[in-house]
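Report on the following structure.
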Amino acid sequence: MSCSIFGDALLIPPVSLCSVTNYQGNMEKMNTLVNSELTNNPAILKLIGYNNLELMYENHGYHVRFMYTVFHLNAYELLASVIIWVYRSYHRRGFSYEYFSVELSAWQRAASTSLTPEAAAEINRVYQWMIDHHDDFMAFAESPDYQTIPFVSVCTR
Amino acid sequence: MSADFLEGMLTSNNKLCMELAIVYIHSAESLSDFYVNVIAPCLYEVGRLWEEGEISAAQEHLATAIVSRVMSVMYGPFVLGNRTKGKAVMITAPGEEHDLGARMTADLLEMDGWQVDYLDAQSPIIDSLKLLRENQPYLLGIAITMPFNIEPVRRLIEKIKKDYRLQSIKVMVGGQAAAFSPQLWQKIGADGYCVDSQEAVKLAAEWWEKRSGK
């Protein structure tokens, strides 16, 4: 395991303002689509560790709001850091790691259905980056070094 | 002390926590020390236990409610010193449920001579802006815990920096969400970032001294 995902995150191309605006206008629709797809997944209860579905819906609501921030600010280092925290926190509550793969793919489909082709392409590039690094996120989430995730500076001004 | 206080928090033993605080706190300095060396580490530990799935959200809320009660009782007698610095407003990110960090910072700033107003997360952005226009503080501190609450803070700072009546306010951010990425505070338009309440007080004092030309 290395810190490469943090450096790699910085190479993700920025999402254009036009696409971010398109994303913002369709957040609720995409959230509904993802909730619906996952609710209808026959394995969903196993995927979420037999937690209440409300906990999953809550996560999706948080996700779409957070991703707007990521796209708007091109804050991919933030994304890498937070996604590991999310993996760890939800996994400790019984969610399987496979849930995240299923969820991220569902967000890609929701973007393709809801956004303009240009916006979907830009947004889904970021989701593809997350999907490609699923194993890295799991490894970081399980790492005993989790608390010391490599940010050199804490405060500069 | 921290271990006992944590045990009190996790077992809903308000009496134990209050007794420990009473024994420890006898001055403004010891209150500050209690915040930084007892309460803050215990809150971090409670957060960690929640993240690890070792306690439920309800247990986390019970534990923090005890701290809130202790703080409310203990800080009063020690914040009535001279107001040697300017006005400060401390707020929690709109929608945020975790407000103790902002409250601790508000109390510590007050002990350091600031005239502090504290607004909780239930205050709409429009009310926060109104308060800022009316009070014209020198400093605004914003605590963000959950990453999905970054956006309303960014919008708030954007409104402040675009408003000629507010744009001179120094804005600092802190809290877990701000700690996730070292560049975030700049991206959301803040003037500074603090890792904890003690650092916030130091940064505020630095800014104030520079302004005063000391």
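Being a predicted model, the structure only gives us computed values, none of them experimental.
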Verify the ring-centre separation between Tyr97(A) and His91(A): is it less than 6.0 angstrom?
yes
Which bit of His63(A) comes within less than 4.5 Å of chain B, counting heavy atoms only: side chain, backbone, both or neither?
neither
Interface moiety of Tyr68(A) toward chain B, non-hydrogen atoms closer than 4.5 Å:
side chain
Choice from Val86(A), Leu73(A), Asn74(A), Val64(A) maximising heavy atom contacts with chain B below 4.5 Å
Leu73(A)
Between Gly53(B), Ala178(B), Ser56(B), who has the most heavy-atom pairs with chain A when the cutoff is under 4.5 Å?
Gly53(B)
Between Tyr62(A) and Phe66(A), does the ring centre distance come in under 6.0 Å?
no
Ion pair present between Glu158(B) and Arg155(B), side-chain N to carboxylate O less than 4.0 angstrom?
no
Aromatic Trp50(B) / basic Arg92(A) pairing, under 6.0 angstrom, 45° off normal
no
Contacting moiety of Ala177(B), where chain A heavy atoms sit under 4.5 Å
backbone
Do Phe148(B) and His60(A) make the cut of ring centroids closer than 6.0 angstrom?
no
